[in-house]
Amino acid sequence: MSNVKIIVAGPRGKMGSEALRLIENTPEFELVGCIDRKHDGEKVSDLEGLPKLDAEIFSDVEKAFQQLDADVLIDLTSPEVGYKHTRLALENGIRPVVGTTGFTQEQLEELQDLSEQKELGTVIAPNFAVGAVLMMQFSKWAAKYFPDVEIIEKHHDQKLDAPSGTAVKTAQLIEEVRDSKVQGHPEEKETIPGARGANEDGMRIHSVRLPGLVAHQEVIFGGTGETLTIKHDSHHRQSFMSGVKLAVDQVQRIHTLVYGLENLLE
Ligand SMILES: NC(=O)C1=CN([C@@H]2O[C@H](COP(=O)(O)OP(=O)(O)OC[C@H]3O[C@@H](n4cnc5c(N)ncnc54)[C@H](OP(=O)(O)O)[C@@H]3O)[C@@H](O)[C@H]2O)C=CC1
Ligand SMILES: O=C(O)C1=N[C@H](C(=O)O)C[C@H](O)C1
């Protein structure tokens, strides 16, 4: 079988650089190019701290997609640019695997339509860590029995989007099984705005941002005389890479958009 030819967008980033290491260590994966707003025309191997891979860097995304013979785009950038990259990849016959978080519901629906129209697979996964996927699934299960729930997500202080994509996805999964419910005291008042966190269908989501953190989430359920906490921690970004590999393998076998790694796990 021939190699999977991959473009990485965001190669200097915390996740993008980890994805380059995954490609370097996966015999059937081949890096054919990178998208980066800096270093146009340089090689990945020219950049300090990145694997010695002989792929060219492009700052012009359309040029990259037209010139490179690629099967898959791995996007690990920021919400606005990630959406643009995903659209352009599909328009150029390249299957996107997207870890970038912060896409709107409308953007996800547009990408779903485009993916189907082009008959090309797209994987958008708010969290590639298998443990995080299980934490979300367990939370969905628990919400059937415990409709009072609050989500606390904790990330490093360089994160751009809040709440995290994982927290949003967790709330969406819980909403599938939980009747809409306003939690807390009906007359509660915030004496400092934001004290009760974001309100998603009555559920509260709290976002902590601190140096020293990587990616962590607790989902706390409250019942009569008991609480249940479901917790996941990513201590290192390697935790996301088996999911990225699975998504790259599977995106070539599907012809629609899959949102969430749980839909690809056996
Ligand atoms: N699905 C998952 O499992 C995970 C998803 N994520 C998500 O992945 C994304 C990246 O995270 P992380 O690696 O931590 O972030 P970083 O900030 O470390 O990296 C982002 C990269 O994207 C580049 N970038 C940002 N904006 C642009 C732009 N306008 N044009 C071109 N390149 C751009 C940055 O380049 P520059 O240095 O020039 O700004 C940087 O190289 C985030 O959305 C995050 O939420 C993170 C971890 C796990
Ligand atoms: O920015 C991060 O770091 C992470 N982003 C994703 C999210 O928004 O959920 C996944 C993981 O939590 C790490």
Side-chain angles (χ1 to χ4, degrees), residues 7-22 34-40 42 44 47-50 57-62 64 73-86 88 96-104 107 122-136 139 151-173 198 205 207-219 231-248 258-262 264-265:
I7 298 175
V8 171
R12 284 177 296 108
K14 293 182 281 299
M15 279 292 282
S17 55
E18 204 60 54
L20 294 185
R21 283 185 274 279
L22 168 73
C34 282
I35 295 165
D36 186 344
R37 57 181 159 182
K38 297 173 190 158
H39 307 287
D40 187 41
E42 293 182 54
V44 171
L47 304 192
E48 182 104 14
L50 295 189
I57 297 171
F58 292 75
S59 54
D60 182 333
V61 186
E62 300 203 53
L73 164 74
I74 301 178
D75 192 275
L76 297 159
T77 57
S78 61
E80 298 75 27
V81 76
Y83 168 71
K84 185 179 134 199
H85 290 168
T86 308
L88 281 171
V97 166
V98 181
T100 306
T101 50
F103 289 6
T104 63
Q107 287 175 330
T122 300
V123 176
I124 301 183
N127 202 312
F128 284 116
V130 174
V133 174
L134 293 174
M135 174 264 295
M136 289 186 260
S139 298
I151 299 171
I152 306 177
E153 56 96 340
K154 304 179 212 170
H155 283 83
H156 57 92
D157 63 351
Q158 299 306 301
K159 187 164 175 58
L160 293 175
D161 53 319
S164 70
T166 307
V168 173
K169 174 81 183 174
T170 307
Q172 289 169 345
L173 289 169
I205 306 178
S207 297
V208 177
R209 297 290 177 266
L210 285 172
L213 294 169
V214 179
H216 318 263
Q217 181 166 295
E218 283 173 46
V219 187
K231 182 170 181 282
H232 176 262
D233 297 279
S234 272
H235 299 290
H236 193 286
R237 290 181 180 82
Q238 272 175 4
S239 61
F240 303 114
M241 292 303 127
S242 62
V244 174
K245 181 170 186 311
L246 175 73
V248 170
V258 164
Y259 177 57
L261 201 72
E262 69 276 13
L264 300 177
L265 286 172

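Please read all numbers here as calculations on a predicted model, not as lab measurements. Whatever order the structure lists ligands and atoms in, that order sets their numbers, starting from 1.
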>> So if I apply the side-chain hydrogen bond (donor to acceptor under 3.5 Å, both in side chains) rule between Glu153 and each of His232, Arg209, His216, which one comes out positive?
In response: Arg209
> Which bit of Glu80 gets closer than 4.0 Å to ligand 1, counting heavy atoms only: side chain, backbone, both or neither?
Replying inline: neither
> Between Thr77 and ligand 1, which part of the residue brings a heavy atom under 4.0 Å of the ligand: side chain, backbone, both or neither?
Replying inline: both
> Would a search of protein heavy atoms around atom 34 (C) of ligand 1 find one under 4.0 Å away?
Replying inline: no
> Among protein heavy atoms, which sits nearest to atom 29 (N) of ligand 1, and what does the distance come to when rounded to 0.1 Å?
Replying inline: Arg37 NH1, 3.5 Å
>> Does Thr166 form a side-chain contact (heavy atoms from CB on, under 4.5 Å) with Met135? I'd like the steps, not just the answer.
In response: CA-CA 10 Å; Thr166 307; Met135 174 264 295; 4.1 Å; yes
> If you measure every N/O of Asp36 against every N/O of ligand 1, is any gap under 3.5 Å?
Replying inline: no
> Considering Asp161, Leu76, Thr166, which one's heavy-atom position lies nearest to atom 21 (C) of ligand 1?
Replying inline: Leu76
> Heavy atoms, side chains only, cut-off 4.5 Å: are Glu62 and Leu88 in contact?
Replying inline: yes
>> I want to know if ligand 1 touches Phe128 in the polar sense, i.e. an N/O pair below 3.5 angstrom.
In response: yes
> Side-chain contact, heavy-atom cut-off 4.5 Å: Ile7 with Phe58?
Replying inline: no
> Atoms of ligand 1 less than 4.0 Å from Val81 heavy atoms?
Replying inline: 27 (C), 28 (C), 29 (N), 30 (N)
> Taking atom 41 (O) of ligand 1 as the point of reference, which of Gly16, Ala129, Gly13 owns the nearest heavy atom?
Replying inline: Gly13
>> Among all the protein's non-hydrogen atoms, which is closest to atom 16 (P) of ligand 1, and how far away is it?
In response: Lys14 NZ, 3.7 Å
> Is Arg12 salt-bridged to Glu48, cutoff N-O under 4.0 Å?
Replying inline: no
> At the 4.0 Å heavy-atom cut-off, does Pro126 count as touching ligand 1?
Replying inline: yes
> Is there a side-chain contact (heavy atoms from CB on, under 4.5 Å) between Val133 and Glu262 once you walk through the steps?
Replying inline: CA-CA 6 Å; Val133 174; Glu262 69 276 13; 3.6 Å; yes
>> As an exercise, identify every atom of ligand 1 less than 4.0 angstrom from a heavy atom of Asn127.
In response: 1 (N), 2 (C), 3 (O)
>> Within the structure provided, determine whether Pro126 and Val168 are in side-chain contact (heavy-atom separation under 4.5 Å).
In response: no
> Who's the nearest protein heavy-atom neighbour of atom 7 (C) of ligand 1, and how far?
Replying inline: Gly99 O, 3.5 Å
> With atoms numbered from 1 as shown, which atoms in ligand 1 lie under 4.0 angstrom from a non-hydrogen atom of Thr100?
Replying inline: 8 (O), 43 (O)
>> Judged on heavy-atom distance to atom 1 (N) of ligand 1, which of Ser164, Ala125, Ser78 sits nearest?
In response: Ala125
Expected rows: ligand 2 N/O, protein N/O, dist below 3.5 Å:
{"unit_1": "ligand 2", "atom_1": "1 (O)", "unit_2": "Lys159", "atom_2": "NZ", "d": "2.9"}
{"unit_1": "ligand 2", "atom_1": "3 (O)", "unit_2": "His156", "atom_2": "NE2", "d": "2.9"}
{"unit_1": "ligand 2", "atom_1": "5 (N)", "unit_2": "Lys159", "atom_2": "NZ", "d": "3.1"}
{"unit_1": "ligand 2", "atom_1": "8 (O)", "unit_2": "Thr101", "atom_2": "OG1", "d": "3.3"}
{"unit_1": "ligand 2", "atom_1": "8 (O)", "unit_2": "Lys159", "atom_2": "NZ", "d": "2.7"}
{"unit_1": "ligand 2", "atom_1": "8 (O)", "unit_2": "Gly165", "atom_2": "N", "d": "2.8"}
{"unit_1": "ligand 2", "atom_1": "9 (O)", "unit_2": "Gly165", "atom_2": "N", "d": "3.3"}
{"unit_1": "ligand 2", "atom_1": "9 (O)", "unit_2": "Thr166", "atom_2": "N", "d": "2.8"}
{"unit_1": "ligand 2", "atom_1": "9 (O)", "unit_2": "Thr166", "atom_2": "OG1", "d": "2.5"}
{"unit_1": "ligand 2", "atom_1": "12 (O)", "unit_2": "His155", "atom_2": "NE2", "d": "2.6"}

>> So, 4.0 Å and heavy atoms of Lys159: is ligand 1 close enough to count as a contact?
In response: yes
> So is Gly102 in contact with ligand 1, going by heavy-atom distances below 4.0 Å?
Replying inline: no
>> For atom 48 (C) of ligand 1, what's the nearest protein heavy-atom neighbour? Residue, atom name and distance, please.
In response: Met15 CE, 3.4 Å
> How close does the nearest protein non-hydrogen atom get to atom 37 (O) of ligand 1, and which residue and atom is it?
Replying inline: Arg12 NH1, 3.1 Å
> Are the side chains of Leu76 and Phe240 in touch, meaning some heavy atoms are under 4.5 Å apart?
Replying inline: no
> Quick one: does Leu47's side chain get under 4.5 Å of Ile57's, heavy atoms only?
Replying inline: yes
>> Donor-acceptor check, side chain of Thr77 to backbone of Ala9, threshold 3.5 angstrom: yes or no?
In response: no
> Around Lys84, counting heavy atoms of other residues, nucleotides and ligands shown, do more than 12 lie under 6.0 Å from its NZ?
Replying inline: no
> Among protein heavy atoms, which lies nearest atom 44 (C) of ligand 1, and at what distance?
Replying inline: Thr101 OG1, 3.7 Å
> Is the closest side-chain heavy-atom distance between Lys169 and Thr101 below 4.5 Å?
Replying inline: no
>> Could you measure the distance from the CE atom of Met136 to the CG atom of Asn127? Nearest 0.5 Å is fine.
In response: 5.0 Å
> Below 4.5 Å, heavy atoms only, C-beta onward: do Cys34 and Leu20 meet side chain to side chain?
Replying inline: yes
> Would Thr170 and Gln217 count as having a side-chain donor-acceptor pair, cut-off 3.5 Å?
Replying inline: yes
>> Working note: Asp40 + Asp60, criterion side-chain contact (heavy atoms from CB on, under 4.5 Å); need CA distance, chi angles, decisive distance, verdict.
In response: CA-CA 8 Å; Asp40 187 41; Asp60 182 333; 5.7 Å; no
> Relative to ligand 1, is Lys38 under 4.0 angstrom through side chain, backbone, both or neither, heavy atoms considered?
Replying inline: side chain
